[in-house]
2 protein chains.
Amino acid sequence: MATDKSAPLWERLERPAPAPRQTLSAQRIASAAVAVADAEGLEAITMRRLATELSVAPMAPYRYVSGKDDLLELMVDHVYAGMRLPAGLGWRESLHALAMGTRELMLEHRWLAQLPPQTKLALTPSRMAVAEQTLTALDGLGLDPDTMMGIFRSVDAYVHGAMSHDSAVEAFMSAQSLSTNDELRTELAPLMAWHMRTGRYPTYQHYLRTATRKDDRQGQFDLGLNCLLDGIAARVTI
Amino acid sequence: MATDKSAPLWERLERPAPAPRQTLSAQRIASAAVAVADAEGLEAITMRRLATELSVAPMAPYRYVSGKDDLLELMVDHVYAGMRLPAGLGWRESLHALAMGTRELMLEHRWLAQLPPQTKLALTPSRMAVAEQTLTALDGLGLDPDTMMGIFRSVDAYVHGAMSHDSAVEAFMSAQSLSTNDELRTELAPLMAWHMRTGRYPTYQHYLRTATRKDDRQGQFDLGLNCLLDGIAARVTI
DNA sequence: ATCCGCTCGATACAGTGTACACAGAAGGGC
DNA sequence: GCCCTTCTGTGTACACTGTATCGAGCGGAT
């Protein structure tokens with residue numbers, strides 16, 4: 001029986017491997033790809049590069065993934081599998097853990113923030129598990145199902161938005177070999193100075209002159225997250 | 001199309017004068033690119049495609065943009081220039097207008113959500129203007145500058161995260177020629193059914209069975225936004 | 001009239017994703 | 001023992017990408 005390409009990727013993977021040959025496997029492919037992306041960024045992920053990394057012909061991985069999109073899904077699932085949310089906490093602690101866990105994951109794997117849209121949507125088993133755990137933490141609070149899912153998605157949206165920005169900054173810094181926030185500011189200074197010289201942004205200029213923790217990304221993240229959780233609290237406690 | 005050196009001298013001489021010069025400009029380039037991306041998505045944006053759209057040689061636009069990244073920045077600035085935030089509102093209405101304006105912009109130009117990270121960071125004049133207007137709306141409330149910027153960035157992060165998801169969904173739908181949410185659900189049903197058959201997601205399954213407004217994206221967006229704004233309110237009103 | 005500099009054209013190149021046909025090994029039935 | 005199907009990985013090829021480079025011809029300053 002031929003491999004049924006119309007079946008979902010995940011179903012195909014869970015079918016018993018009819019292959020005693022086994023120099024390649026979805027696992028090996030995924031972790032090799034993740035290793036490359038972690039070390040050199042998403043743009044280093046190339047079917048050829050992946051193949052050489054696995055000491056295999058360029059087209060070989062196509063036996064396991066139907067294309068690059070599939071590969072990216074596999075990578076996402078691979079790293080999300082490492083995320084464990086502590087159970088038995090209250091709703092707020094659970095959402096906080098969800099946010100912090102996702103943040104950590106996206107810091108460790110900066111490429112997560114630059115995936116193409118169809119991959120961002122991918123409903124992989126590990127992601128389903130995260131959703132399941134979060135929904136469970138929100139269960140039994142008297143919320144209707146739509147609100148439960150809405151809360152989960154809102155936190156997820158905030159985390160993704162914030163981390164998309166943060167990891168873009170960090171990718172930029174490492175691309176320019178900047179290691180401190182001061183170096184970053186120095187790098188951006190000429191552009192910023194030019195903007196300010198137009199005189200169109202007086203309030204922004206005032207911010208630049210008086211702010212003190214301009215680049216505390218962790219603090220920024222916490223501020224927004226706490227605001228969001230506070231707002232959710234008002235809807236949870238009946 | 002090649003300069004045919006073997007053609008008779010006289011034919012070569014009578015060929016139309018190569019250029020009524022100033023055919024290109026940053027404006028023309030930006031709006032042509034935006035038009036293509038709006039109609040066919042970001043992946044249709046190709047230096048060659050852009051050139052043919054402008055009836056010009058592939059390398060011609062490089063006189064105005066130093067590469068594709070520059071082009072994308074130009075496009076971002078071009079569409080953000082159309083965003084006007086009403087002035088004279090209170091802080092909450094202003095933040096709400098910022099969120100809704102950005103949402104509308106990202107719905108109108110779905111490619112905004114799939115830009116590469118360095119372009120997402122781009123500090124273009126139009127984006128600076130949006131930041132300026134928002135900061136102005138937050139001024140005079142007794143907030144310290146860091147908190148002002150933090151609030152602006154939090155709202156922006158939420159909007160980007162939420163819309164990144166939403167416009168990925170819509171890109172997927174239009175790619176599969178699905179027009180209604182029911183069609184979308186039908187398309188995803190086999191995958192979802194497979195996940196559910198594993199029995200690993202009981203709470204998710206319960207959600208699927210009992211939820212009623214599963215795909216009300218506007219409602220989801222509003223829920224999270226209102227939560228966030230409520231949380232901010234607690235920090236604004238001292 | 002001459003020259004310079006800017007704008008745009010033509011060509012070329014390395015690198016991308018992936019379609020396609022083929023080689024060889026694994027294991028079951030005779 | 002053999003053969004034959006089936007799966008795995010190989011080799012080659014193609015259309016397409018971003019962009020470096022060189023050169024042609026116009027406009028304006030000298």
Side-chain angles (χ1 to χ4, degrees), chain A residues 1-5 7 12-13 15-29 32-33 36-37 40-75 114-116 118-119, chain B residues 1-7 9 11-29 32-33 36-37 40-75 114-116 118-119:
Chain A
M1 194 226 287
T3 350
D4 183 1
K5 292 242 180 169
R12 274 183 279 148
L13 283 187
R15 278 203 273 252
R21 189 94 146 263
Q22 226 50 326
T23 84
L24 239 43
S25 75
Q27 272 285 336
R28 251 169 69 62
I29 291 177
V36 171
E40 305 175 39
L42 191 61
E43 69 279 6
I45 293 286
T46 282
M47 295 311 279
R48 283 168 173 83
R49 170 66 192 277
L50 175 65
T52 54
E53 211 71 22
L54 293 161
S55 318
V56 110
M59 291 301 288
Y62 279 86
R63 284 285 144 184
Y64 297 83
V65 293
S66 74
K68 202 182 184 183
D69 289 356
D70 253 28
L71 172 66
L72 296 178
E73 275 198 46
L74 213 56
M75 293 170 62
Q114 23 179 324
L115 292 168
Q118 66 269 31
T119 310
Chain B
M1 191 133 297
T3 331
D4 187 358
K5 294 225 176 174
S6 69
L9 169 63
E11 176 179 337
R12 270 184 283 153
L13 284 186
E14 293 225 359
R15 271 203 270 256
R21 279 288 106 160
Q22 212 65 326
T23 73
L24 244 40
S25 74
Q27 271 286 335
R28 253 170 66 65
I29 290 176
V36 171
E40 304 176 40
L42 192 61
E43 68 279 5
I45 293 285
T46 283
M47 296 310 279
R48 283 167 173 82
R49 171 66 192 277
L50 175 64
T52 55
E53 210 72 21
L54 293 161
S55 317
V56 108
M59 291 301 290
Y62 279 86
R63 280 290 137 178
Y64 298 83
V65 293
S66 73
K68 202 182 183 183
D69 289 356
D70 252 30
L71 172 66
L72 295 178
E73 272 197 48
L74 212 58
M75 293 169 64
Q114 23 180 321
L115 292 168
Q118 66 268 30
T119 311

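In the text below, chain A, chain B and the rest are named by the order of the sequence lines, each starting its count at 1.
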Enquirer: Check every strand shown and say whether Ala60(B) touches a base, only sugar-phosphate, or nothing at a heavy-atom separation below 4.0 Å.
Expert: sugar-phosphate
Enquirer: How would you list all residue pairs meeting salt bridge (charged side-chain N to carboxylate O under 4.0 Å, His left out) that involve residues 40-56 of chain B, not counting sequence neighbours?
Expert: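 Every pair satisfying salt bridge (charged side-chain N to carboxylate O under 4.0 Å, His left out) with a residue in residues 40-56 of chain B: Glu40(B)-Arg49(B), Arg49(B)-Glu53(B).
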Enquirer: Distance check needed: dT8(D) P versus Ile29(A) CD1, whole Å only.
Expert: 11 Å
Enquirer: Which heavy atom in Ala26(A) sits nearest to a heavy atom in Leu74(A), and how many Å separate them?
Expert: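 Result for this residue pair: O-CD2, 3.8 Å.
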Enquirer: Rounded to whole Å, how long is the line connecting atom CZ of Arg63(B) with atom C1' of dA24(D)?
Expert: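 Computing the Arg63(B):CZ to dA24(D):C1' distance gives 12 Å.
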Enquirer: Collect all protein-nucleotide pairs involving nucleotides 15-19 of chain D in which both atoms are nitrogen or oxygen and the distance is under 3.5 Å.
Expert:
| from | atom 1 | to | atom 2 | distance (Å) |
| --- | --- | --- | --- | --- |
| dT17(D) | OP1 | Thr46(B) | OG1 | 3.3 |
| dG18(D) | OP1 | Lys68(B) | NZ | 2.9 |
| dG18(D) | OP2 | Met47(B) | N | 3.0 |
| dG18(D) | N7 | Arg48(B) | NH1 | 2.6 |
| dG18(D) | O6 | Arg48(B) | NH2 | 2.8 |
| dT19(D) | OP2 | Tyr62(B) | OH | 2.9 |
| dT19(D) | OP2 | Lys68(B) | N | 2.9 |
| dT19(D) | O5' | Tyr62(B) | OH | 3.4 |
| dT19(D) | O4 | Arg48(B) | NH2 | 3.2 |

Enquirer: Can you give me the closest heavy-atom contact between Leu71(A) and Met47(A), atom names plus distance?
Expert: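 Closest approach of Leu71(A) to Met47(A): CD2-SD, 4.0 Å.
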Enquirer: Would you find a donor on one side and an acceptor on the other, under 3.5 Å apart, between the side chain of Tyr64(B) and the backbone of Ile29(B)?
Expert: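 Looks like no, no N/O pair under 3.5 Å.
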Enquirer: Please report the closest heavy-atom contact between Glu73(A) and Thr119(A), naming both atoms and the distance.
Expert: N-CG2, 4.0 Å
